[in-house]
Amino acid sequence: MGNSFSKLLLALLLVCVPVNMHAWVLQFGYSSIPEIEKSFFIRKGLVPEDAMLITDYISRQRIHSVLSDSLPAALREYYLSRTSTDKRWFFAEMPMGIKSYSFEGKPLSKGRTRIYIQPAVGMNFWDRGFFYMNFEIDNSLFDNPHFTGKKWESLAWRTTKAVLAYNSSLGEFSAGRGYIRWGKGTLFAGNSPTDGLLFQTFHGRLRFFSGFLFLDDCRLSDSLREIYHQSYARRYLSFHRLSVLPMKNIELSLYEALLFGGPGRTPEIYYILPVYLFHIEQLESHENDNTFLGAEFRANFLKTLVEAEFTLDDFQIDKNVQSDYEPTEYAAAIGATHSLDAVLPVDFSIEYRRVANWTFNQLYPWNRFLYKGFPLSDSAGCDFDRITADVKLWVKPAFYLSCGAEYQRKGEGRVDSPWTEPWMDVSGEYHEKFPTGVVEYKTTVKLETEGEATPYLHMVAGLYYMKYRNRENQKGSNKGNWAARLVFLWMPQKTFLF
């Protein structure tokens, strides 16, 4: 990357001075903490915590269930500094870093180096509450298609996380902005921060998680404006999930989610309160909302974590009229991770994922499972399948090296595709191949490393090679591309502690 790397190294010399540093940095959105936690739990023969609001606030009940002297130091420190058990009532910090990365399909020498700053503040109150907020000042957001916020000259910024949480004997209530994910990510993959209200509670072997999100408005087409006499449609997303642990190493979960809205529509009470069954209420109200039902299974046997998740979008039971021949719409994933304690700990992972065409799509554009134009589920959307294999070598408790490979088939279906109902153009059974249309075949090989390079410096590095056939579903578009990224994150001591 030539000049870009020169700038990066010069900046590092300026910022990497020997001072007392805080040790860990999940707030940058990277995966180290979840990966450390997952590996730790597998080796202990337990099932890792799952459904959660991903913020720098960790539930008090959750930390009490996992904190132990044997926990890796980086994970223990992270938990302690991000819970309402922390006795420091106020802190502020100014983590900063540098990103150097290339673009797929362009020479590595054309990469860019960007400055990254993420100021944050947090506060505990009444021994039960917690407030946390951080901002992201990141020039690389100019190259992020998911970013729709403010851009000014060479700067771009946004509020990535803001949460106000309160713990009671009933559970924990939180409101604000954060990333939501659970399970294998067939429904919620944590791609974008969303705003809403959440509740979670743990009682013995039962776990309950629910939420209500306010999504972005949907801009109506000219034809819909003429019908509804409005320019935008409101959008909301409600969900609840119940998990049971019949044994400490087995977890079974059932969940339901409903995306609804429309021009001028306000939320109904039966879609806000998690005690209602959303699909039944939808049928009784005769609203054409978008309901999802799902189940998940996770078990840890002999240091092997097996995970499976299935999300059902639509399924036709009757076959009385032609519309009953709409194909089943679903998302499924199954995977396993085995932890081996050799000279250094090693994790072996494999996963298969499949999402049928038309899944997450719907007749009304405001009921499509999108947020700011991008899927809330897997970033590939629908009409694809993928197999992934990965090996992680833990050089230190908070630092790993990994290599992996991925093979994906992606059809022409998109979550935002027009709802054309091709099953209505035939008589009787309707069949379509999977994946549909001209299929893109993509093979990826990657080398990555991430973690705590020193007590005060977090590093992320990756080198990737992608080989395409029919790229972007264009027949005959075959090529191979390289991409790379290198990130250094400097985590200074909290500047204010009381």
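Reckoned from all heavy atoms, side chains included, excluding hydrogens, waters and symmetry mates.
Remark: side-chain polar atoms of Thr449 are paired, donor with acceptor, to backbone N or O of Tyr400 under 3.5 angstrom. A donor-acceptor pair under 3.5 Å links the side-chain atoms of Asn300 to the main chain of Ile42, judged by distance alone. At distances below 3.5 Å, at least one donor-acceptor pair connects side-chain atoms of Thr359 with backbone N or O atoms of Tyr330. Side-chain atoms of Asp383 do not come within 3.5 Å of backbone N or O of Pro435 as any donor-acceptor pair. Looking only at distances, no side-chain donor or acceptor of Asp313 sits under 3.5 Å from a matching main-chain atom of Ala331. Formation of a donor-acceptor pair under 3.5 Å by the Lys184 side chain with backbone atoms of Leu187 is not found in this model. Listed for the Glu309 side chain is no donor-acceptor partner under 3.5 Å among the backbone atoms of Gly183. Side chain of Asp347 to main chain of Thr337: no donor-acceptor pair is present (N/O by atom type, distance under 3.5 Å, no hydrogens or angles).
Partners of Phe208 according to the ring-ring contact (aromatic ring centres under 6.0 Å, His included) rule, which considers only residues two or more places apart in sequence or in another chain, do not exist here. Scanning for salt bridge (Lys or Arg N to Asp or Glu O under 4.0 Å) contacts around Asp195 gives Arg177, with sequence neighbours left out. Under the rule for a ring-ring contact (aromatic ring centres under 6.0 Å, His included), the partners of Phe173 that lie at least two apart in sequence or sit in another chain are Phe199. By the salt bridge (Lys or Arg N to Asp or Glu O under 4.0 Å) test, Asp385 pairs with Arg409, sequence neighbours left out. Taking the side chain to side chain contact (heavy atoms under 4.5 Å, CB included) definition, one finds that Arg205 meets it with Leu245, sequence neighbours left out. Judged as a side chain to side chain donor-acceptor pair (under 3.5 Å), and not counting sequence neighbours, the contacts of Tyr464 are Glu448, Arg485. Remark: Arg386 engages Asp378, Glu406 in a salt bridge (Lys or Arg N to Asp or Glu O under 4.0 Å) (not counting sequence neighbours). Judged as a ring-ring contact (aromatic ring centres under 6.0 Å, His included), and not counting sequence neighbours, the contacts of Tyr465 are Trp482. Looking at residues two or more places apart in sequence or on another chain, you find a side chain to side chain contact (heavy atoms under 4.5 Å, CB included) between Leu393 and Leu344, Val346. Take Leu197 and apply the side chain to side chain contact (heavy atoms under 4.5 Å, CB included) test, not counting sequence neighbours, and it matches Ala175. Partners of Phe214 under the ring-ring contact (aromatic ring centres under 6.0 Å, His included) rule, at least two apart in sequence or in another chain, are Phe212. By the salt bridge (Lys or Arg N to Asp or Glu O under 4.0 Å) test, Lys303 pairs with Asp341, sequence neighbours left out.
With a 4.5 Å cut-off on side-chain heavy atoms, Tyr441 and Tyr407 count as touching. Proximity of Leu242 to Leu254: side-chain heavy atoms (C-beta onward) are nowhere separated by under 4.5 Å. Looking at Ser477 and Asn470, their side chains never come closer than 4.5 Å, going by heavy atoms from C-beta outward. Between Ile180 and Leu198, the closest side-chain pair of non-hydrogen atoms falls below 4.5 Å. Between Arg207 and Phe209, the closest side-chain pair of non-hydrogen atoms is not below 4.5 Å.
Expressed to the nearest 0.5 Å, how far CE of Met459 lies from CZ of Phe488 amounts to 6.0 Å. Taking CE from Met247 and CZ from Phe301, the interatomic distance works out to 7.0 Å, rounded to the nearest 0.5 Å. With rounding to the nearest 0.5 angstrom, the CD atom of Glu412 is 12.5 Å from the CD atom of Glu472. One finds the CG atom of Leu370 at 12.5 Å from the CZ atom of Arg414 (value rounded to the nearest 0.5 Å). Here the NZ atom belonging to Lys446 is positioned 12.5 Å from the CG atom belonging to Leu463, to the nearest 0.5 angstrom. Between Tyr179 atom OH and Ser192 atom OG the span is 7.0 Å, to the nearest 0.5 Å.
Both tests hold for Arg354 against Phe434: distance to the six-membered ring centre under 6.0 Å, angle to the ring axis within 45°.
Under the 4.0 Å criterion applied to side-chain N and carboxylate O atoms, Arg353 and Glu351 are assigned as salt-bridge partners.
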Item to check | Stepwise side-chain hydrogen bond (donor to acceptor under 3.5 Å, both in side chains) check, Arg368 with Asn361 | outcome: CA-CA 5 Å; Arg368 293 167 184 166; Asn361 201 339; 2.9 Å; yes

Checklist entry - What do the steps show when you test Arg471 against Glu440 for salt bridge (Lys or Arg N to Asp or Glu O under 4.0 Å), and what is the final call? => result CA-CA 5 Å; Arg471 184 175 183 180; Glu440 175 195 81; 5.4 Å; no

Next on the checklist: Let's go through Thr194 and Leu237 carefully: what are the C-alpha distance in whole Å and the side-chain angles of both, what is the deciding distance for side chain to side chain contact (heavy atoms under 4.5 Å, CB included) to 0.1 Å, and is it a yes or a no?
Outcome noted: CA-CA 10 Å; Thr194 52; Leu237 178 59; over 6 Å; no

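When every heavy atom of Cys382 is checked against every heavy atom of Asn357, the shortest pair comes out as SG-OD1, 4.2 Å. Scanning all heavy atoms of the two residues, the minimum distance from Thr436 to Gly413 falls at OG1-N, 3.7 Å. Across His240 and Ser210, no two heavy atoms sit closer than the pair CB-CB, 3.9 Å. The two residues Ser174 and Val163 make their nearest non-hydrogen contact at CB-CG2, 3.8 Å. Taking all atoms of both residues into account, the shortest heavy-atom contact from Glu329 to Leu312 is O-CD1, 3.7 Å. Cys403 and Leu447 get closest at one heavy-atom pair: CB-CD2, 3.5 Å.
In this structure, the ring of Tyr255 has its center no less than 6.0 angstrom from the ring center of Phe292.
Of the residues Phe384, Phe374, Tyr371, Phe369, the one that meets the ring-ring contact (aromatic ring centres under 6.0 Å, His included) test with Phe360 is Phe369.
Between Trp182 and Phe239, the two ring planes are perpendicular [angle over 60°; tilted spans 30° to 60°].
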